[in-house]
Asker: 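The structure that follows is given in the form of structure tokens.
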Amino acid sequence: QVQLVESGGGLVQPGGSLRLSCAASGTIFSIGTMGWYRQAPGKQRELVAVITSDGSTNYGPSVKDRFTISRDNANNTVSLQMSSLKPEDTGVYYCNVYVRGPPLYPMTSYWGQGTQVTVSS
């Protein structure tokens with residue numbers, strides 16, 4: 001079993017910054033793509049950013065040039081640096097990680113518990 005622990009959410013004023021982190025622990029042989037998704041009340045969950053094992057990134061159109069995703073393979077951690085935050089960025093942010101447990105088993109997707117980000121003055 002794999003556990004994802006998220007941190008860094010909270011309340012911030014428009015134009016401010018926040019940094020989210022997500023650390024994976026448990027039975028891990030290797031980690032593939034890692035990413036962040038968000039969901040506002042009454043809306044569909046959407047992609048924020050993903051990063052592959054070799055460092056390739058992809059961003060949602062509304063956050064490109066404002067958010068930066070990174071990973072620390074030594075610590076099985078993915079982070080999201082958020083700058084120039086807008087009220088529209090408000091929502092619950094979920095970490096997602098693809099993990100291979102036993103060496104011959106397939107990759108499995110895991111989700112964090114979610115962390116609230118509120119952008120308001």
Side-chain angles (χ1 to χ4, degrees):
Q1 186 64 28
V2 174
Q3 182 182 21
L4 305 181
V5 179
E6 302 180 19
S7 63
L11 175 65
V12 65
Q13 293 182 323
S17 299
L18 280 176
R19 183 178 178 86
L20 306 182
S21 295
C22 174
S25 62
T27 303
I28 300 173
F29 179 75
S30 63
I31 293 181
T33 299
M34 311 175 78
W36 292 93
Y37 297 76
R38 69 186 183 188
Q39 188 168 27
K43 295 185 177 180
Q44 188 174 4
R45 184 167 58 190
E46 65 176 342
L47 168 72
V48 177
V50 295
I51 182 168
T52 66
S53 59
D54 64 357
S56 179
T57 59
N58 186 37
Y59 294 91
S62 65
V63 308
K64 189 175 179 62
D65 300 325
R66 298 188 298 119
F67 293 8
T68 301
I69 189 171
S70 61
R71 62 190 290 160
D72 181 351
N73 292 329
N75 296 111
N76 295 329
T77 300
V78 60
S79 298
L80 184 71
Q81 179 65 49
M82 304 184 292
S83 300
S84 301
L85 284 162
K86 307 174 181 179
E88 309 92 89
D89 295 318
T90 294
V92 179
Y93 285 66
Y94 297 92
C95 173
N96 176 245
V97 179
Y98 280 84
V99 176
R100 190 187 307 279
L104 299 180
Y105 281 43
M107 300 289 282
T108 302
S109 176
Y110 291 88
W111 291 90
Q113 78 281 2
T115 184
Q116 177 71 42
V117 172
T118 303
V119 184
S120 176
S121 60

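Atom set for the values below is all heavy atoms of this structure, side chains included, hydrogens, waters and symmetry mates excluded. By convention here, the first residue in the shown sequence is residue 1. In this text, all values refer to a predicted model and were calculated from it rather than measured experimentally.
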Asker: How close do Gln113 and Val5 get, heavy atom to heavy atom, and via which atoms?
Answerer: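 Taking every non-hydrogen atom into account, OE1-CA, 4.4 Å.
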
Asker: Does Ser83 reach the main-chain N or O of Ser17 with its side chain, forming a donor-acceptor pair under 3.5 Å?
Answerer: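 Between the backbone of Ser17 and the side chain of Ser83 there is no qualifying donor-acceptor contact (under 3.5 Å).
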
Asker: Mind checking what makes salt bridge (Lys or Arg N to Asp or Glu O under 4.0 Å) contact with Glu46, not counting sequence neighbours?
Answerer: Arg38

Asker: Between Gln81 and Ser79, is any side-chain donor less than 3.5 angstrom from a side-chain acceptor?
Answerer: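 No, because no side-chain N or O of Gln81 sits under 3.5 Å from a partner of the opposite role on Ser79.
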
Asker: According to a 4.5 Å side-chain heavy-atom criterion applied to Ile, Leu, Val, Met, Phe, Trp and Tyr, with indirect links allowed, do Leu80 and Tyr98 form part of one hydrophobic cluster?
Answerer: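 They do not share one cluster, since no chain of ILVMFWY contacts under 4.5 Å joins Leu80 to Tyr98.
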
Asker: What salt bridge (charged side-chain N to carboxylate O under 4.0 Å, His left out) pairs are there with at least one residue in residues 65-84, not counting sequence neighbours?
Answerer: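 For residues 65-84, and leaving out neighbouring residues, the salt bridge (charged side-chain N to carboxylate O under 4.0 Å, His left out) pairs sorted by first residue read Arg66-Asp89.
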
Asker: List for me each residue that meets salt bridge (Lys or Arg N to Asp or Glu O under 4.0 Å) alongside Arg100, sequence neighbours excluded, and say none if there are none.
Answerer: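 So Arg100 forms no salt bridge (Lys or Arg N to Asp or Glu O under 4.0 Å) with any residue.
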
Asker: Counting C-beta onward and ignoring hydrogens, is there a side-chain heavy-atom pair between Thr90 and Gln116 closer than 4.5 Å?
Answerer: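 Of all side-chain heavy-atom pairs linking Gln116 with Thr90, at least one is under 4.5 Å.
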
Asker: Could you tell me which non-hydrogen atom of Thr77 sits nearest to which non-hydrogen atom of Ala23, and how far apart they are?
Answerer: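 Of all heavy-atom pairs spanning Thr77 and Ala23, the closest is OG1-CB, 3.8 Å.
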
Asker: Is it the case that one hydrophobic cluster holds both Leu18 and Val92, taking links as side-chain heavy atoms less than 4.5 Å apart, direct or via other members?
Answerer: no

Asker: Hydrophobic clustering (ILVMFWY, side-chain heavy atoms < 4.5 Å, transitive) - are Val78 and Ile28 grouped together?
Answerer: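 Same cluster.
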
Asker: Let me see the working for Val99 and Phe29 under side-chain contact (heavy atoms from CB on, under 4.5 Å), right down to the final yes or no.
Answerer: CA-CA 7 Å; Val99 176; Phe29 179 75; over 6 Å; no

Asker: Applying side chain to side chain donor-acceptor pair (under 3.5 Å), which residue pairs with at least one partner in residues 24-37 are found, sequence neighbours left out?
Answerer: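 Not a single pair qualifies under side chain to side chain donor-acceptor pair (under 3.5 Å).
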
Asker: Taking the side chain as C-beta and beyond, is there a heavy-atom pair between Gln1 and Tyr110 under 4.5 Å?
Answerer: yes

Asker: Keeping the roles fixed (side chain from Asn58, backbone from Ile51), state whether a donor-acceptor pair exists under 3.5 Å.
Answerer: no

Asker: Looking just at side-chain N and O atoms, do Asp54 and Ser56 make a donor-acceptor pair shorter than 3.5 Å?
Answerer: no

Asker: Could you list who else is in Tyr105's hydrophobic cluster, with ILVMFWY side chains joined at under 4.5 Å, directly or through other members?
Answerer: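 Noted: Tyr105 shares its cluster with no other residue.
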
Asker: I need the minimum non-hydrogen distance between Ser53 and Asn73, along with the two atoms involved.
Answerer: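 Answer, listing the atom of Ser53 first, then Asn73: O-ND2, 4.3 Å.
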
Asker: Measuring from Thr57:OG1 to Ile69:CD1, what's the distance to the nearest 0.5 Å?
Answerer: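 If I round to the nearest 0.5 Å, the distance is 8.0 Å.
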
Asker: Considering all heavy atoms of both residues, which atom of Gly112 and which atom of Leu4 are nearest to each other, and what is their separation?
Answerer: N-CD1, 3.5 Å

Asker: What orientation do Tyr93 and Phe67 show, parallel under 30°, tilted 30 to 60°, or perpendicular over 60°?
Answerer: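 Judged by the thresholds at 30° and 60°, the geometry between Tyr93 and Phe67 is tilted.
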
Asker: Tell me whether Met34 shares a hydrophobic cluster with Val2, the cluster being built from Ile, Leu, Val, Met, Phe, Trp, Tyr side chains joined at under 4.5 Å.
Answerer: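 Yes, Met34 and Val2 fall within the same hydrophobic cluster.
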
Asker: Can you hop from Val117 to Val50 via hydrophobic side chains spaced under 4.5 Å?
Answerer: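 Each belongs to a different hydrophobic cluster.
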
Asker: Which pairs pass disulfide bond (SG atoms under 2.5 Å apart) with one or both residues in residues 44-121, sequence neighbours excluded?
Answerer: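 Residue pairs passing disulfide bond (SG atoms under 2.5 Å apart), neighbours aside: Cys22-Cys95.
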
Asker: Hey, could you give me the CG/OG distance between Leu47 and Ser62, rounded to the nearest 0.5 Å?
Answerer: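 These two atoms lie 9.0 Å from each other.
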
